Amino acid sequence: MDQFVINGGCPLEGEVTISGAKNAVLPILAATVLGSGQSVINNVPQLHDVKVMKEVLNNLGARVQGDSDQIMVDTSALDCCEIPESLMRKMRATVFLMGPLIARFGKVKISQPGGCSIGSRPIDLHLKGLKALGVEFKQRHGALEGSVDKLVGAEIHLDFPSVGATENIMMAATKAKGETLIYNAAKEPEIIDLQNYLNRLGAKVRGAGTNVIKVKGVEELNAVDYQVIPDRIEAGTFLVAAAITKGNVLIKDIIPEHIEAVAAKLTEAGIEMKVDHNQIEVIGKETWQGINIKTLPYPGLPTDMQAQLMSFLSLAEDTSIITENIFENRLSHADELRRMGAKIRIEGNTAIVNGVDKLYGTIVRATDLRAGAALVLAGLGAEGETVVDNIYHIDRGYEYLEDKLTKLGADIIRKTDLSITDAD
Ligand code: UD1
């Protein structure tokens with residue numbers, strides 16, 4: 001498997017441009033299924049997860065073209081509502097196709113998505129919402145089959161503001177008869193981006209970004225051109241990269257409000273930041289303070305930034321307490337950081353991080369996407385050589401990571417394992 005080899009200690013300097021958001025483009029690509037016709041999606045990051053979504057759409061009968069940041073999807077000839085288990089296994093986000101396929105065909109067949117290293121990740125809230133719209137589900141030989149004659153709008157109260165469940169229900173409800181209200185909806189910026197895309201298709205969705213979303217069903221949806229928002233987690237990762245290397249980096253093409261929670265925490269730790277329209281400059285410091293962080297649904301601190309901040313806080317002057325409130329098993333990077341010299345104790349969903357003067361390069365293993373990013377950051381801030389193994393996790397969510405870091409002066413190379421072809 002590919003590895004990153006990093007020689008730490010180079011302060012990052014220069015400018016970096018942020019790519020389109022993984023978590024926005026995946027539901028938007030799923031939503032292309034709702035309308036019949038040709039859509040052009042712009043600012044698409046070239047990621048493994050996007051490649052899988054394109055493969056799934058192809059498999060459903062869509063025509064998908066483009067390997068750059070522009071993808072054309074023609075869903076006119078879409079004729080299948082079944083996602084094979086082999087593709088479901090490649091990526092959890094295929095679950096986003098449930099709502100759109102049911103809205104288009106009145107039926108869907110998927111295999112039950114499994115858990116993953118960050119938690120069991122059930123889909124009960126997706127199913128609860130779709131059932132409220134009239135869908136009946138049957139489980140047969142490990143497959144989940146949903147069917148409905150006509151979706152009918154309903155009032156849905158989510159027990160937790162799940163991002164995926166909110167998106168799936170929003171997409172299905174666009175074609176339901178009457179009005180759907182989603183209470184306790186997720187408020188993430190990617191939900192707003194999906195609302196904007198759906199409305200461009202001709203849907204009637206309001207309220208995204210608040211905790212109540214209202215969808216008035218329509219009969220037909222079209223196909224349109226659309227530009228995906230920038231990736232706030234990639235931006236946050238570069239904020240930390242600049243800070244942990246005591247560098248000075250201008251991060252461009254961002255929406256500053258989307259990264260406010262992360263920027264506020266870095267400021268609290270003593271890092272200087274200057275925001276100007278759609279860019280932010282990070283001015284690193286020689287030392288920084290420990291802080292306490294708690295992950296929360298948006299606009300709280302994103303769980304997808306928790307691991308990267310743990311790397312940063314491992315090198316703080318004093319103690320930090322990190323509480324993970326979204327996923328039950330998302331602190332596994334602490335073990336790997338400890339191998340680099342970090343002093344971290346785990347108690348339940350809390351990590352107590354006692355800052356150390358230095359981290360030291362060694363061989364570490366990415367256990368999931370953001371844990372992998374955290375290890376790259378730790379390697380950049382460490383003394384000596386760090387080898388990050390299992391970087392296929394990182395390739396799922398960061399476009400050209402090593403190229404972008406190299407341009408900023410990092411010493412990072414990808415070591416490709418030629419003995420393994422695309423095993424995924
Ligand atoms: C999305 C993001 C992911 C991010 C997460 C939380 C995408 C592609 N992924 O994932 O990067 O970390 O939001 O911000 O957008 N839950 C249930 N039942 C459900 C659904 C969720 O119990 O039916 C639980 C989950 O197990 C988890 C919590 O709710 O503990 C949050 O999950 P959710 O917001 O749904 O995350 P995803 O949409 O899977």
Side-chain angles (χ1 to χ4, degrees), residues 20-31 44-45 47-50 52-53 56 88 90-99 110 112-132 137 144 146 156-172 182 184-194 197 208 211 228-229 231-234 236-237 258-259 261-262 294-309 323-331 333 349 368-374 393-394 396-398:
K22 167 178 96 70
N23 288 353
V25 77
L26 294 174
I28 286 173
L29 285 174
V44 177
L47 305 172
H48 183 261
D49 278 8
V50 170
V52 176
M53 187 56 97
V56 175
M88 285 291 302
K90 283 192 179 182
M91 181 179 69
R92 246 192 77 83
T94 44
V95 85
F96 290 139
L97 280 153
M98 262 200 311
I110 63 167
Q112 186 87 31
C116 65
S117 60
I118 62 173
S120 60
R121 302 188 83 172
I123 56 164
D124 57 314
L125 300 173
H126 300 239
L127 300 182
K128 180 179 161 184
L130 295 173
K131 279 180 194 163
F137 284 98
L144 191 62
I156 298 162
H157 295 255
L158 292 178
D159 300 328
F160 182 88
S162 152
V163 174
T166 303
E167 292 171 336
N168 238 331
I169 299 164
M170 267 167 89
M171 292 190 277
I182 310 170
N184 198 24
K187 295 187 278 196
E188 271 67 3
E190 293 76 20
I191 308 271
I192 301 179
D193 211 30
L194 180 62
Y197 175 69
N211 51 14
V228 174
I229 55 168
D231 196 310
R232 64 195 168 98
I233 306 300
E234 187 197 11
T237 303
H258 293 177
I259 54 167
V262 177
K294 287 183 179 164
T295 63
L296 287 170
Y298 192 84
L301 189 87
T303 173
D304 285 353
M305 280 303 302
Q306 177 260 108
Q308 301 90 314
L309 287 166
T323 310
E324 171 56 51
N325 289 313
I326 308 294
F327 290 107
E328 74 254 37
N329 186 25
R330 206 179 197 179
L331 296 170
H333 37 280
N349 65 338
D368 65 72
L369 165 57
R370 307 303 171 187
H393 285 297
I394 303 175
R396 285 189 38 230
Y398 288 92

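All values reported here derive from a predicted model rather than from experimental measurement. When a ligand or atom number is given, it counts from 1 through the structure's own listing order.
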What distance separates [X] [atom1] from [Y] [atom2], expressed to the nearest 0.5 Å?
X: Ile156; Y: Met170; atom1: CD1; atom2: CE; answer: 12.0 Å
X: His258; Y: Glu188; atom1: NE2; atom2: CD; answer: 10.5 Å
X: Asn325; Y: Gln306; atom1: CG; atom2: CD; answer: 10.0 Å

Find all atoms of ligand 1 within a distance of less than 4.0 Å from any non-hydrogen atom belonging to [X], and give their numbers and elements.
X: Gly164; result: 35 (O), 38 (O)
X: Ile326; result: 27 (C), 28 (C), 30 (O), 31 (C)
X: Arg330; result: 12 (O)
X: Thr303; result: 6 (C), 12 (O), 14 (O)

Check this for me - ligand 1, Glu328, N or O atoms closer than 3.5 angstrom, yes or no? no
Nitrogen or oxygen of Lys22 less than 3.5 angstrom from that of ligand 1: no
Do the charged groups of Arg232 and Glu190 touch, with an N to O distance under 4.0 Å? yes
Under-4.0 Å heavy-atom contact with ligand 1, by part of Ser162 that carries it: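 Within the 4.0 Å criterion, Ser162 contacts ligand 1 through backbone and side-chain atoms alike.
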Pick one of side chain, backbone, both or neither for how Val163 approaches ligand 1, counting any non-hydrogen atom pair under 4.0 Å.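 The part of Val163 near ligand 1 is both the backbone and the side chain.
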So Arg396 and Lys22, do their side chains get closer than 4.5 Å, heavy atoms only? yes
Decide if atom NZ of Lys294 counts as having more than 12 heavy atoms of other residues, nucleotides or ligands within a radius under 6.0 Å. no
If you measure from atom 20 (C) of ligand 1 to every heavy atom of Gly129, Pro302, Pro122, which option wins on shortest distance? Pro122
Report the residues that fulfil side chain to side chain contact (heavy atoms under 4.5 Å, CB included) with Leu144, sequence neighbours left out, ordered by chain and then residue number. Ile110, Gln112, Ile123, Leu127, Phe137, Gln139
Non-neighbouring partners of Asn168 that pass side chain to side chain contact (heavy atoms under 4.5 Å, CB included), sequence neighbours left out: Met98, Pro100, His126, Met171
Does the residue Phe96 have a heavy-atom contact with ligand 1, meaning some pair of atoms that are separated by less than 4.0 Å? yes
Is there a heavy atom in Glu190 that sits closer than 4.0 Å to ligand 1? no
